[in-house]
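Let me begin by presenting the structure, written as structure tokens, before commenting on it.
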Amino acid sequence: MEDYTFSDIEYEQLLLTVTSTFGNGDPPDNGEVFGRQLYEMRNPPLEEGENKSKRKISSIHLAMSSSHYHGKRDDSQPLANVRFSVFGLGSRAYPNFCAFARSVDRLLGELGAEPVYEKGEGDELCGQEESFRKWVTGCYEAACKTFFLDTNLKDYSDALATLTKEWQPDKFRVCVHKGLLPVTDLCKNLSDIHRKNVYPCRMLSRTNLQNEESPRATIIVKVDIQNEPMLVHEPGDHLAIFPQNQPSLVNQLIKQLTDATPPDEPMLIEYNKGKKGEDWKPFDRLPPGCTLRQALLQYLDITTPPASQFLAILATLASDSKEKDRLLDLSKGTTVYEDWKFDKCPNMVEVLEEFSSLKVPASLFLAKLPLIQSRYYSISSSRQYVGGEIHCTVAVVSFRTQGGSGPLHHGVCSSWLNRIAKNTIVPCFVRKASAFYLPELKKAPVIMVGPGTGIAPFRSFWQQRRIEMELKFTSHSVGKPLDAISEDQEGPVWGDMALFFGCRHPKLDHIYKKEMEELVSEDVLADRKS
């Protein structure tokens, strides 16, 4: 979305939008500008200099009262000549399921665009891929009829079924390339791959906040932002961290590949562009010169259960007929696949163990495995209070699959943060919160409710309040001066800041207990319920 030229929208004939929803109904990173522009087209500013941040919030939540626009179309509306359809990705585990997609769908309708096909929604908890295939097929058929295209729908359906099977053993290859320099700048490479700026922080410390008798771990991670201005943040913002996979998993996976290059030699991935001969070109999905070990450790996702389309590719590599049939059955993306995925939640090592007849070349993983995505953590510190650091409160995740009887799995990012050494580089960036800040009015009451690690962002709030009360600061916004109250001026009236916190076992996991008690004694926290 961020690459779309919004001024072209009035001239589109067909506009198809596929988007996820972040957090509590917010747009994804690359959809923020598109959502705001769409909302402002629908609701032009009434006055010069109207507050646009508040307008952005309205655009995100606009569709919560109605999933689609049912008003009358008017040919004078700006998008009257546009046909459209929207598909939303989300999880029904969150209350505002597909909220941003619903907002886009409604706004396009209110601007006069005509739906060529009904809005689709995919729930990651159940049948998301099947929902998407249904929507794509319906869109294609409806668009062909709308624009009078004579197209063989059967041929298209066949093409859709094999959409992700374009990988073939003779079309990709991996070669050792000793002439390439080894890859060293991880943050630059992550920036290039994910098309967003990623910055290096340095690991300072981590401390387990739970009692030593607790079977679980919740850690406070402190990183040095190394004077990076793009990591300036406000209380309420998030820190996005790019983790690394477990070395033991990577080593197991390398051993199971059929044609693995030496794992620590610079490599080059190529694909054959020629249709009748050989025309090998660099496949620049990963940084040139990265090693097989680096690819599997730092860039590729080897822990998320494979998509059904990926299983269809694996089926072509199985030598056992029963395993091939099972893989083909799973690749249909039905409830059989969903049950398998959520019961076993298999990583790639476990998939290869379950289907032991698979002979998987390295080029398949390097070309088709998804990229490791950043993990978002609420920032648990105020920059005015702690200086050039960022603190995060992290629950270290570990669980057994198959109802507790399966293999032990570990959260990729939380376990990485819990094992890395001091001074390790932590690749990250700051994501601004759209509507989760302290009120500008100091006398406004603040009620904070956060069970368990839900307390994480509120630590940044109470640290900000603490430093403001100590120094009598009158502003806490980034970009605004922190003006101290003069001696002849009456200090600000501080509204009550009440915290409601809960945990499973207060003697074991009452994190930040001592800090909270100090805050109550200093009148930073007016009340504390736990």
Side-chain angles (χ1 to χ4, degrees), residues 129 132-133 136 140 152 154-180 183 189 192-195 250 253-263 265-302 304-321 323-333 348-349 351-352 355-372:
E129 294 174 14
F132 180 71
R133 278 199 289 267
V136 169
Y140 182 82
N152 189 325
K154 182 181 182 303
D155 290 345
Y156 169 76
S157 297
D158 293 341
L160 179 64
T162 59
L163 189 60
T164 58
K165 296 181 184 177
E166 71 275 8
W167 179 88
Q168 296 176 11
D170 59 345
K171 291 295 183 182
F172 288 84
R173 70 183 184 187
V174 182
C175 15
V176 173
H177 201 300
K178 295 184 180 291
L180 289 173
V183 171
N189 292 327
D192 293 339
I193 290 171
H194 292 275
R195 299 203 303 176
V250 171
L253 207 53
I254 290 173
K255 290 178 181 178
Q256 296 189 57
L257 297 176
T258 58
D259 62 346
T261 58
E265 292 284 347
M267 64 177 181
L268 188 65
I269 311 166
E270 296 180 322
Y271 72 101
N272 187 2
K273 192 177 180 181
K275 293 184 177 179
K276 294 186 178 180
E278 292 195 354
D279 183 15
W280 293 97
K281 303 291 182 185
F283 188 65
D284 56 2
R285 184 186 188 218
L286 298 174
C290 91
T291 67
L292 178 61
R293 191 184 309 280
Q294 285 176 322
L296 296 175
L297 190 69
Q298 300 173 339
Y299 301 113
L300 298 177
D301 185 349
I302 64 173
T304 300
S308 58
Q309 295 96 326
F310 191 86
L311 296 178
I313 301 175
L314 292 181
T316 66
L317 303 174
S319 57
D320 182 89
S321 59
E323 291 185 1
K324 181 186 289 287
D325 290 343
R326 173 65 171 162
L327 284 164
L328 287 173
D329 195 26
L330 291 170
S331 72
K332 296 175 183 177
M348 284 311 308
V349 170
V351 170
L352 297 186
F355 301 98
S356 57
S357 73
L358 286 171
K359 305 298 180 184
V360 179
S363 62
L364 171 59
F365 280 180
L366 296 172
K368 298 299 293 180
L369 281 180
L371 298 171
I372 290 181

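For the numbers below, each heavy atom of this structure counts, side chains included, while hydrogens, waters and symmetry mates do not.
- At least one side-chain heavy atom of Q256 sits less than 4.5 Å from a side-chain heavy atom of V349.
- Here the side chains of L314 and F355 are not in contact, with every heavy-atom distance at 4.5 Å or above.
- Between the side chain of T258 and the backbone N or O of V360 there is at least one donor-acceptor pair closer than 3.5 Å.
- Side-chain contact check for I372 versus L300: every heavy-atom pair is 4.5 Å or farther apart.
- Inter-residue side-chain proximity for L253 and L352 is flagged as met; some heavy-atom pair is nearer than 4.5 Å.
- By the 4.5 Å heavy-atom criterion applied to side chains, W167 and K368 are counted as neighbours.
- Listed for the E323 side chain is a donor-acceptor partner under 3.5 Å among the backbone atoms of S356.
- A distance-only check finds no donor-acceptor pair linking the side chain of D301 to the backbone of L369 [under 3.5 Å].
- Residues F310 and M348 meet the side-chain proximity criterion, which asks for heavy atoms closer than 4.5 Å.
- A 4.5 Å side-chain heavy-atom check between C290 and N189 finds every atom pair outside the cut-off.
- To the nearest 0.5 Å, atoms OG (S363) and OH (Y271) are separated by 14.5 Å.
- Of all heavy-atom pairs spanning A260 and L292, the tightest one is CB-CD2, 3.7 Å.
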